[in-house]
Protein chains: 2
Amino acid sequence: VRIETLCTGDELLTGLTADTNSRLFQTLVLERLGLTVRRSTVVGDVREDLIEVMHTLAARCDAVLVSGGLGPTTDDLTAECAATAAGVPLVESAEALAHLIARFARRGLELTPNNRRQALVPQGAEVVLNQEGSAPMFVLRLGACRFFFVPGVPREYRHLVELQVLPRLAALLAQRGETPVVRVLRLLKTVGLPESHLDARIRPLLAKYPGVTFGYRTHAPENHLKLLAHGATEAEARALLAQAEAECRPLLGAHLFGVDQETLPEVVNQALRTAGQTVSTVESCTGGLVGAALTTPAGASDVYPGGAITYASALKTQLAQVPPELIAQHTVVSAQVAEAMAAGIRRALHTTFGVATTGYAGPTGGDAVNPLGTVFVAVAREGRVVSERHLFIGDRERVRAFTTHAALDLLRRTQLET
Amino acid sequence: VRIETLCTGDELLTGLTADTNSRLFQTLVLERLGLTVRRSTVVGDVREDLIEVMHTLAARCDAVLVSGGLGPTTDDLTAECAATAAGVPLVESAEALAHLIARFARRGLELTPNNRRQALVPQGAEVVLNQEGSAPMFVLRLGACRFFFVPGVPREYRHLVELQVLPRLAALLAQRGETPVVRVLRLLKTVGLPESHLDARIRPLLAKYPGVTFGYRTHAPENHLKLLAHGATEAEARALLAQAEAECRPLLGAHLFGVDQETLPEVVNQALRTAGQTVSTVESCTGGLVGAALTTPAGASDVYPGGAITYASALKTQLAQVPPELIAQHTVVSAQVAEAMAAGIRRALHTTFGVATTGYAGPTGGDAVNPLGTVFVAVAREGRVVSERHLFIGDRERVRAFTTHAALDLLRRTQLET
């Protein structure tokens, strides 16, 4: 069954409004029926475009979900264009009109002539009353294709899709003898592996798992491997997914830090909590971003008492016990100073770990040895300090975000070793 | 000039990812060139769909902006399908390959064969190197239509659209003899004025300036007034804009904190710099976000030496000199503790101002007097401390973001008074 979405409205073509309806439908139809929307189109409130696109979609689809353009104003052209495309007149639906009158009466409002337009539907369409709004949904066949016309107001749209559209699509699948395929999804989130390396590591599994679609998503500096397993039943799909995931995990090693909705700070905090450990921070170039990341998950106070932002060199000494001579000898952007910061904040705040960042975030700074984008992150624990040097390419915002991520990831890997 | 967008990627048809690129382009092409995108299409990583849609778009458009599918992995099919649609082979671009090699070398990474695929472009295409990423942009004519193929990574996309695509479209307009209506834009950014109040204050100007479109954009907690002045020449549009802006400013008063791209941290830092003043921070519920905001603009070290993140009560005493008795008497979420934190960090770090935050960011916490979402922000200066209580509705992330903004805005208003 080939299905597409069509969303109408000038406001969707000026950057003002996003087509969130089609995204919702894509999610629901995939989760509930295992159907992938084949294409999504957005057109403005232009008669010739609406009619042309309906003809085109009718020729290649089994079903089309149309949203928007069913309101009471003059730029609401969907019903009129659907009638033109089908070669039928618009007619007033008695039940839609009764629904409108009742709805307006309940609110003590008078039905104006433009509101009454909302009861007009193409002749021969199946009318489905909308309990969440005034315009009805209607279903119309154009050739062999079923068009579901649904109001664009997100609340009404969701209501009608869930209660009216999805059951009709399930019936259509059954009628075609297609049993819906169940799909289950797992995201495996990695850090430190470029997308091409991730692809190379996973490639040997592709032929072995024809029932699993392998995809990649870049959320720099993370790369996510997406496993979408298909099956006739949910149990079958889940079993296949578990098997594929079990084969992926050793290929990803310590690069894999979490799954699905988990974030790096959540993973780090949870590992600290489980081990009864704590961490403090001292930040130069990140200016508070590491602390902000650690306190993004709720309940962070169990594992994070706080830290220092030491943008000025003097504060690295005052708050994190870094000897001024060390700064003079190595400069503030050095492994030595990063390590001294991490060890110093750990001692000062009596935590299991201390995390430090220092670097040249830009847009100026750096030297021949440590150019712009060079950062050092360090993690101290009892009796040992480790640091890493990174060179991040990009603007100040990107360098700071990547540094924050690198600091948390070094903490994660240090935890894994203990 | 008829222009459409085409965005490719399976992830855009499963509800996982929104097509934010096309929205950005819609906004930019309208603002900068006065062009409205006629239609936006999203297709998956399916060869036959990609080729079919390119043929269809070539037949009806003057220009098409394509995003996505230029990555190194097997599901990146855009260049290959563009070549097929144009009836030409894929060829390796020497300059794109040199760019790839240099980029990988800078990162110390090896160029894998799949990375090398990113240097393949349809024969005859104009190659435009991408300073923000590995895949080049390319421009290809299909019939009379110019296709701009741009990588889908949002940062790369924006960069290439602004620097490469928009100038080429402007040239196309000029070549067709279509003079774009010149539009010049000014954003007046306010804080503390609900959109309805902003509307009410500005409404009297609407009739007076028919050549200016007044719009509102909510970037909670900020509200932006958008003035878009139209003219036959840029000078004419700019003169009209300046006149309208001059009339708006007194209506907005101290709520107006900046214009256009200016951010609240930039405005605050610049005011401190001009006055030769400095600020330190001490943060509880924001966990570093205020420090991170102050250090987002470049050059922050002039005015911000640093601060403390005092998530645990004990650190409020250790790092910000808050007497434990004061915490015991008033609890950590109180005006008294916020004020003591601000005054304490100012003394400890020898700055002109001290800024403090404390509150219940959620998802749990709060009491009958100070429910969830209650926060206190405070600003200390020589001889005086002020604080404000806010009750923010929303999730943890929203409460923390609004608290950060409120702290900076209190600092801004305190500076204005001095």
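FYI, side chains are in, hydrogens and waters are out, and symmetry mates aren't considered; it's all heavy atoms of this structure. Order of the sequence lines sets the chain letters (A, B, ...), proteins ahead of strands, with each chain counted from 1.
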Using non-hydrogen atoms and a 4.5 Å limit, figure out which bit of [X] sits close to chain A: side chain, backbone, both or neither.
X      : result
B/T310 : backbone
B/T17  : both
B/E4   : neither
B/V46  : side chain
B/E52  : side chain
B/E397 : neither
B/L315 : side chain
B/R107 : side chain
B/N114 : side chain

[X], [atom1]: over 12 other non-hydrogen atoms inside 6.0 angstrom:
X      : atom1 : value
B/R2   : CZ    : yes
A/R47  : CZ    : no
A/R347 : CZ    : yes

Practice item. Kindly write out the residues that satisfy side-chain hydrogen bond (donor to acceptor under 3.5 Å, both in side chains) with B/Y360, not counting sequence neighbours, or none if the list is empty. Key: none
Point to revise | chain B neighbours within residues 288-300 of chain A, where any heavy atom lies under 4.5 Å away | key: A/G288, A/L289, A/G291, A/A292, A/T295, A/T296, A/P297, A/A298, A/A300
Contact winner vs chain A - [options], heavy-atom pairs under 4.5 Å:
options                        : answer
B/E11, B/E283, B/R155          : B/R155
B/S301, B/G44, B/P72           : B/S301
B/T20, B/T36, B/V53            : B/V53
B/V37, B/T14, B/T112, B/T5     : B/T14
B/A314, B/S280, B/G287, B/A312 : B/G287

Going from [atom1] on [X] to [atom2] on [Y], what distance comes out if it is rounded to the nearest 0.5 angstrom?
X      : Y      : atom1 : atom2 : value
B/Q118 : B/D76  : CD    : CG    : 7.5 Å
A/I345 : A/T351 : CD1   : OG1   : 7.5 Å
A/L185 : A/D260 : CG    : CG    : 6.5 Å

Let's test your reading of the structure: which of [options] forms the most heavy-atom pairs below 4.5 Å with chain B?
options                       : result
A/D49, A/D395, A/L30          : A/D49
A/L349, A/V29, A/T404         : A/L349
A/L198, A/L13, A/T213, A/T281 : A/L13

Check [X] against [Y] and note the closest heavy-atom contact, atom names and distance.
X      : Y      : answer
B/R396 : B/G362 : NH1-O, 2.6 Å
B/N130 : B/S134 : ND2-N, 4.3 Å
A/L65  : A/V161 : CD2-CG2, 4.0 Å

Whether [X] side chain and [Y] backbone form a donor-acceptor pair below 3.5 Å:
X      : Y      : answer
A/Q26  : B/L12  : yes
B/T358 : B/V332 : yes
A/T317 : A/V322 : yes

Review point. Is any side-chain heavy atom of A/T403 closer than 4.5 Å to a side-chain heavy atom of A/R400?
Key: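 Sidechains of A/R400 and A/T403: no contact.
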Point to revise | Proximal component of A/S40, with respect to chain B [non-hydrogen, under 4.5 Å] | key: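 Both backbone and side chain.
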Review point. Relative to chain B, which segment of A/H197 carries a heavy atom at a distance below 4.5 Å: side chain, backbone, both, or neither?
Key: side chain
Exercise for review: Would you sort out whether A/R38 and B/E48 count as a salt bridge (charged side-chain N to carboxylate O under 4.0 Å, His left out), showing the intermediate values?
Suggested key: CA-CA 11 Å; A/R38 188 69 177 264; B/E48 60 178 288; 3.8 Å; yes
